[in-house]
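Structure first, then comments.
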Amino acid sequence: MHIREFQSMMRRIYFHRDSERGKDATYNWLLDEAEELREALKEQNVRGLEDEFADVLAWLASLANVVNIDLEKAALTKYNNICPKCQKARCECPFEQR
Ligand SMILES: [Zn+2]
């Protein structure tokens, strides 16, 4: 399955609700799921991690649907086999502390 197919699947299942909720509330759900992923990363539970990665990806796709962004096109335009910052196939950018 390609990113575009996943996004289309999310549109079929959820767009009627996502579009009603709107971009701000959908973004907040994405943030909530990212926070749950952060919590799951602290534990040694692969199933829990899979769940949270799935939720983050699902809400990202939902948000993209609400604002009519083609995730696959956006991702592959920016990340097309090279790092968009240093332009290398194996990133050589200096580490940034976050
Ligand atoms: Zn780089």
Side-chain angles (χ1 to χ4, degrees):
M1 179 179 274
H2 291 266
I3 295 170
R4 182 169 291 123
E5 293 167 326
F6 182 81
Q7 185 174 355
S8 293
M9 179 183 72
M10 297 306 293
R11 177 182 290 277
R12 278 195 309 277
I13 300 172
Y14 293 114
F15 188 70
H16 63 293
R17 297 166 61 103
D18 293 336
S19 59
E20 189 169 327
R21 183 185 314 103
K23 65 182 176 183
D24 292 339
T26 302
Y27 176 78
N28 287 337
W29 273 100
L30 174 61
L31 288 189
D32 287 349
E33 294 300 339
E35 181 59 30
E36 289 180 18
L37 175 58
R38 187 168 77 110
E39 293 301 314
L41 287 167
K42 297 174 184 171
E43 314 211 349
Q44 301 293 320
N45 178 348
V46 173
R47 186 76 187 99
L49 270 177
E50 287 176 345
D51 272 359
E52 297 309 333
F53 272 105
D55 288 342
V56 169
L57 186 61
W59 281 102
L60 183 68
S62 280
L63 183 57
N65 283 333
V66 170
V67 296
N68 203 27
I69 291 292
D70 181 333
L71 264 185
E72 183 168 296
K73 176 171 168 270
L76 295 180
T77 296
K78 183 160 187 181
Y79 295 92
N80 189 12
N81 292 305
I82 59 172
C83 170
K85 287 184 183 170
C86 68
Q87 308 293 313
K88 299 277 178 24
R90 276 178 61 93
C91 176
E92 296 178 10
C93 293
F95 277 103
E96 293 178 30
Q97 295 297 324
R98 293 282 171 114

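We use all heavy atoms of the structure for the numbers below, so side chains are in, but hydrogens, waters and symmetry mates are not.
- Of the charged side-chain nitrogens involved, none lies within less than 4.0 Å of a carboxylate oxygen, so that Glu20 and Arg17 do not count as a salt-bridged pair.
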Report the C-alpha separation of Glu52 and Arg38 in whole Å, then their side-chain angles, then the decisive distance to 0.1 Å, and conclude whether the side chain to side chain contact (heavy atoms under 4.5 Å, CB included) test is met.
-> CA-CA 9 Å; Glu52 297 309 333; Arg38 187 168 77 110; over 6 Å; no

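- Heavy atoms from other residues, nucleotides or ligands lying under 6.0 Å from CZ of Phe6 number more than 12.
- Within a 6.0 Å radius of NE2 in His2, other residues, nucleotides and ligands contribute 12 heavy atoms or fewer.
- The shortest non-hydrogen separation linking Arg21 to Thr26 is NH1-OG1, 3.2 Å.
- Taken from CG in Leu57 to CD in Glu33, the straight-line distance is 11.5 Å, to the nearest 0.5 Å.
- Shortest non-hydrogen contact noted between Pro84 and Gln87 is O-NE2, 2.8 Å.
- The shortest non-hydrogen separation linking Cys91 to Cys86 is CA-SG, 3.8 Å.
- In the hydrophobic cluster analysis, where Ile, Leu, Val, Met, Phe, Trp and Tyr join through side-chain heavy atoms closer than 4.5 angstrom, Leu30 is grouped apart from Met10.
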Verify side chain to side chain contact (heavy atoms under 4.5 Å, CB included) between Val66 and Tyr14, making sure each step is shown before the conclusion.
-> CA-CA 10 Å; Val66 170; Tyr14 293 114; over 6 Å; no

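- Residues Trp59 and Phe53 fall within the same hydrophobic cluster, defined by Ile, Leu, Val, Met, Phe, Trp and Tyr side chains chained together at heavy-atom separations under 4.5 Å.
- Note that the NZ atom of Lys23 and the CG atom of Asn68 stand 12.0 Å from one another [nearest 0.5 Å].
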